[in-house]
Number of protein chains: 2
Amino acid sequence: MKNKQKQSQLRDVRDVLDVIGGRWKAAILASLCDSEKRFNELKNDLGEITPRTLTKELRYLELNHLVQRTTAPNNAVAVIYQLTEHGHSLNPVIATLVKWGKKHRKEVLNIGNVGE
Amino acid sequence: MKNKQKQSQLRDVRDVLDVIGGRWKAAILASLCDSEKRFNELKNDLGEITPRTLTKELRYLELNHLVQRTTAPNNAVAVIYQLTEHGHSLNPVIATLVKWGKKHRKEVLNIGNVGE
DNA sequence: CGGAATCCCCGACGATACTG
DNA sequence: CAGTATCGTCGGGGATTCCG
């Protein structure tokens, strides 16, 4: 901290956290990782999410170029969402997180209790 | 989504996000990465944080075995906080995030505007 | 010095209903 | 189908004050 180097790195970490944080973003990206999906497809896949929230999350992901929204030219009622190249580039990052996450779970479970 | 594999991975990602997410956790870990610190040292280093919040964050990090709290035996008023081995193991993960964070910043800046 | 206690604000997210 | 509108809840985190 204090020095510019660390501050800049913190900012970068914050950015990534914003992009995959919150209750839904990671799940949405995971769902779209398989294949492109329609709005209601996504909604069903995610389960509990409300349309309002799904819309907001998708808009945010669009702004960050992780997801691309496409309206079918002939039929405006068909909208598909898919990952962009940039979105796919998140994959190895996620993989790293998953790996450490598993390690972390072990660590926390085997030393004692976790509480929650 | 839907399949157990992906659900489990999402859970792992959630865990990591909980551990380094929020407004302060990453900054605290970054600060302790340099060297062990006392409570008020940490507080000054972080700047705006209130003691209440710092306490809560440290407790959480302790619970997760990322930080170790030690009271000096002779003088109970001296308390030091330091990263555990497990805490240090987060370093490469952070590095990955920083790397993608920089890429992301470029991506978002150069295609158009970011808005926020 | 290293916190604990109390009070409060605000943004994320949910529920429900409605629309082009 | 793919959203929008309105309202309500809940918890993270800040401000301030007090304590051993």
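Chain identifiers are assigned alphabetically (A, B, ...) following the order of the sequence lines, protein sequences preceding nucleic acid strands; residue numbering begins at 1 within each chain.
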Whole-Å distance separating the [atom1] atom of [X] from the [atom2] atom of [N]:
X	N	atom1	atom2	value
A/L46	C/dG14	CG	C1'	15 Å
A/L58	D/dA2	CG	C1'	11 Å
B/E41	C/dG3	CD	C1'	16 Å
A/E62	D/dA2	CD	C1'	13 Å
A/F39	D/dA2	CZ	P	8 Å
B/L17	C/dA12	CG	P	15 Å

N/O (side chain, A/Y81) to phosphate O (OP1/OP2, D/dG3) under 4.0 Å:
yes
Any side-chain N or O of A/R38 less than 4.0 Å from the OP1 or OP2 oxygen of D/dA2?
yes
Residue that, paired with A/H104, satisfies side chain to side chain donor-acceptor pair (under 3.5 Å) out of B/N64, B/D18, B/D15:
B/N64
Would you check if A/H65 and A/E85 make a side-chain contact, meaning some heavy-atom pair closer than 4.5 Å?
no
Taking the side chain from B/R14 and the backbone from A/R23, do they hold a donor-acceptor pair closer than 3.5 Å?
yes
Do side-chain atoms of A/E41 reach the backbone of A/R38 as a donor and acceptor pair under 3.5 angstrom?
yes
Given side-chain hydrogen bond (donor to acceptor under 3.5 Å, both in side chains), test B/W24 with B/T53 step by step and report yes or no.
CA-CA 9 Å; B/W24 297 110; B/T53 301; 5.3 Å; no
Compute the bend angle of the helix from C/dC1-D/dG20 to C/dG20-D/dC1 from the end axes (five pairs per end), rounded to 10°.
50°
Taken in chain and number order and not counting sequence neighbours, the residues that satisfy side chain to side chain contact (heavy atoms under 4.5 Å, CB included) with B/P51 are B/F39, B/K43
Which parts of nucleotides 10-19 of chain D does protein reach within less than 4.0 Å, heavy atoms only, written one letter per nucleotide 5' to 3' as B for base, S for sugar-phosphate only and - for none?
---BBB----
Checking B/T96 now: which residues fulfil side chain to side chain donor-acceptor pair (under 3.5 Å) with it, not counting sequence neighbours?
none
Tell me, please, which residues at least two apart from B/E62 pass salt bridge (charged side-chain N to carboxylate O under 4.0 Å, His left out).
B/R59
Any residue meeting salt bridge (charged side-chain N to carboxylate O under 4.0 Å, His left out) with B/K25, in chain and number order, not counting sequence neighbours
B/E57
C/dG2, D/dG3, C/dG3: which one has an atom nearest the side-chain heavy atoms of B/N40?
C/dG2
